[in-house]
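Note that the numbering runs from 1 along the sequence shown for the chain. Values reported hereafter were calculated over all heavy atoms of this structure, with side chains retained and with hydrogens, waters and symmetry mates removed.
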Amino acid sequence: MNHLSFFWLPENRHKLIEGLESEFAQLVKTSISTGKISLPPIPDVVLKIQRLCTLESTGVSDIADCLTDDPGLAAIVIRVANSVVFNRRNITCTDLMTAVSRLGIVRVRDIVTAQAIEQLKNSINLSKECNKILINSASVSRELGATMVLVAQSFKKLEPDNYLHLEQDKALLVGLLADIGLFCLVNEYYLYLENGNYLDQDIALQIFQSNCSSTSQLVLKHWGFDQDFLEVACNEELVEHCQEVSYLDVARIAHHLLMYRKQDDAIEEHEVEINATGAEVLYDLSNLSDVEFKTQLSAVINASGF
């Protein structure tokens, strides 16, 4: 199966082979293998929060104090903490300490990272073609994240006691960050062209497709994200799960649903291993009308606070 975020790309074996043989493809592979891929230029506050989350001594007050250095991110954290998706107890908070305490320091890290990447995809000033790829990626990521929320909600609705581990807020964030490595690849492509080189954009897209998984996994691992984020990013089970359904399973069901909605021909070759409940979830969501499905996706995004 292709990387989750590239279901919108057409298959083209010839271009893929040609792309993999290009100089740029080799440069990308070297950068990934050596861990020297250029990381997204996200705000210093986000990087500081990521570092703090790796320290056992870090507390709620440390993260809240850090957020005060970026009023925009601080406002977003408070807004997200009060959103329907993240505010399970439906109690409004108005200060950073309460917001961070409610969300937890790791979830705050996830939120500010996802927000920074979303803003970056929609505001970065590269070439017209590169900007278009990233803007499309932002749309695809939101769609995947929102669909993962619908899938997680459906599992919990059908069997509440068996799927307590599936959190709708985490499902959204896992989907939003699934293709985080794409920005790195697009930026490498832009710099490659700026240095006087040439590479056909269609070939570049195929290189992005074949390398997005490993790049995303590398970036998320560098920033300390857990196995659920890594597995969805690389579309591969990395550890044995004690639960019957993992976030990777949720992502694969969500991906299948989106392929079905877009009438993607590749769905004929796309298989999803699911249990009886998963089959019921897939059946129920597949039978929603297009209007109802899109309405529910929009409701998730609007309710998330992003």
Side-chain angles (χ1 to χ4, degrees), residues 2-12 15-16 18-20 22-25 27-29 31-32 36-47 70 72-73 76 111-147 172-173 175-220 222-223 233 255 258 262 264 294 297-298 301-302 304 306:
N2 290 335
H3 185 270
L4 293 171
S5 298
F6 283 91
F7 64 81
W8 46 273
L9 280 178
E11 289 294 329
N12 193 320
K15 286 187 176 180
L16 178 58
E18 186 179 355
L20 291 176
S22 75
E23 178 188 24
F24 174 69
L27 289 174
V28 166
K29 285 185 177 297
S31 296
I32 295 171
K36 295 181 179 179
I37 193 82
S38 299
L39 296 174
I42 57 180
D44 291 339
V45 168
V46 177
L47 294 174
D70 191 321
L73 275 179
I76 288 169
I111 290 167
V112 296
T113 302
Q115 180 65 30
I117 296 300
E118 283 289 292
Q119 290 179 337
L120 197 59
K121 286 179 178 179
N122 285 289
S123 64
I124 195 68
N125 186 25
L126 299 177
S127 66
K128 181 179 179 181
E129 292 77 14
C130 290
N131 289 347
K132 183 179 179 180
I133 293 170
L134 291 175
I135 290 172
N136 188 80
S137 170
S139 175
V140 169
S141 297
R142 286 193 299 272
E143 193 174 44
L144 176 62
T147 306
L172 175 65
L173 293 165
L176 288 176
L177 292 171
D179 72 341
I180 193 172
L182 178 62
F183 181 89
C184 305
L185 296 171
V186 172
N187 191 53
E188 293 269 358
Y189 175 57
Y190 174 77
L191 295 175
Y192 184 75
L193 298 180
E194 284 289 287
N195 288 330
N197 302 295
Y198 173 77
L199 179 66
D200 182 81
Q201 183 180 328
D202 288 339
I203 296 176
L205 285 172
Q206 297 293 339
I207 296 173
F208 298 161
Q209 178 180 2
S210 60
N211 289 278
C212 187
S213 296
S214 54
T215 309
S216 298
Q217 183 183 8
L218 179 69
V219 174
L220 291 170
H222 177 81
W223 283 340
H255 175 47
L258 291 172
K262 295 176 184 295
D264 193 321
K294 290 178 180 178
L297 289 187
S298 296
I301 294 298
N302 293 333
S304 70
F306 280 95

Query raised in the report: Distance-only, no hydrogens or angles: does the N195 side chain make a donor-acceptor pair with backbone N or O of N197 under 3.5 Å?
Result: no
Requested in this report: Might you work through the side chain to side chain contact (heavy atoms under 4.5 Å, CB included) test for I111 and L173, ending with a clear yes or no?
Outcome: CA-CA 7 Å; I111 290 167; L173 293 165; 4.1 Å; yes
Report task. State the CG-CD distance between L191 and E188, to the nearest 0.5 angstrom. Result -> 6.5 Å
Requested in this report: Look up atom CG in L199 and atom CG in L193, then write down how far apart they are to the nearest 0.5 Å.
Outcome: 7.0 Å
**Report entry** Check: S213 main-chain N/O paired with S216 side-chain donor or acceptor under 3.5 Å
**Finding:** no
Report summary line: Scanning both residues in full, the closest heavy-atom pair of V112 with V46 reads O-CG2, 3.9 Å
Report summary line: Given the options Y190, Y198, Y192, F24 meets ring pair (Phe, Tyr, Trp, His ring centres under 6.0 Å) only with Y192
Query raised in the report: At their closest point, which heavy atom of L220 faces which heavy atom of L177, and how far apart are they?
Result: CD1-O, 3.9 Å
Query - Nearest heavy-atom neighbours spanning T215 and L185 - result: OG1-CD2, 3.6 Å
Query - Interatomic spacing from CG in L218 to CG in N211 - rounded to 0.5 Å - result: 11.5 Å
Query raised in the report: Any side-chain heavy atom of L258 within less than 4.5 Å of one from E143?
Result: yes
**Report entry** Heavy-atom donor-acceptor pair, D179 side chain to L182 backbone, under 3.5 Å
**Finding:** no
Query raised in the report: Are Q119 and Q115 close enough, and set up right, to give a side chain to side chain contact (heavy atoms under 4.5 Å, CB included), and what steps lead you there?
Result: CA-CA 6 Å; Q119 290 179 337; Q115 180 65 30; 3.1 Å; yes
Query raised in the report: Parallel under 30°, tilted from 30 to 60°, perpendicular over 60°: which one fits the rings of Y189 and F208?
Result: perpendicular
Requested in this report: Looking only at non-hydrogen atoms, find the nearest pair between R142 and L176 and report the distance.
Outcome: CA-CD2, 3.8 Å
**Report entry** Within 6.0 angstrom of D44 CG, more than 12 heavy atoms from elsewhere
**Finding:** no
Requested in this report: Spell out, as yes or no, whether a donor-acceptor pair under 3.5 Å connects the side chain of S141 to the backbone of A138.
Outcome: no
**Report entry** Steps toward side chain to side chain contact (heavy atoms under 4.5 Å, CB included) verdict (F183, I117)
**Finding:** CA-CA 8 Å; F183 181 89; I117 296 300; 5.7 Å; no
**Report entry** Worked check of side chain to side chain contact (heavy atoms under 4.5 Å, CB included) between Q201 and I133
**Finding:** CA-CA 10 Å; Q201 183 180 328; I133 293 170; 4.2 Å; yes
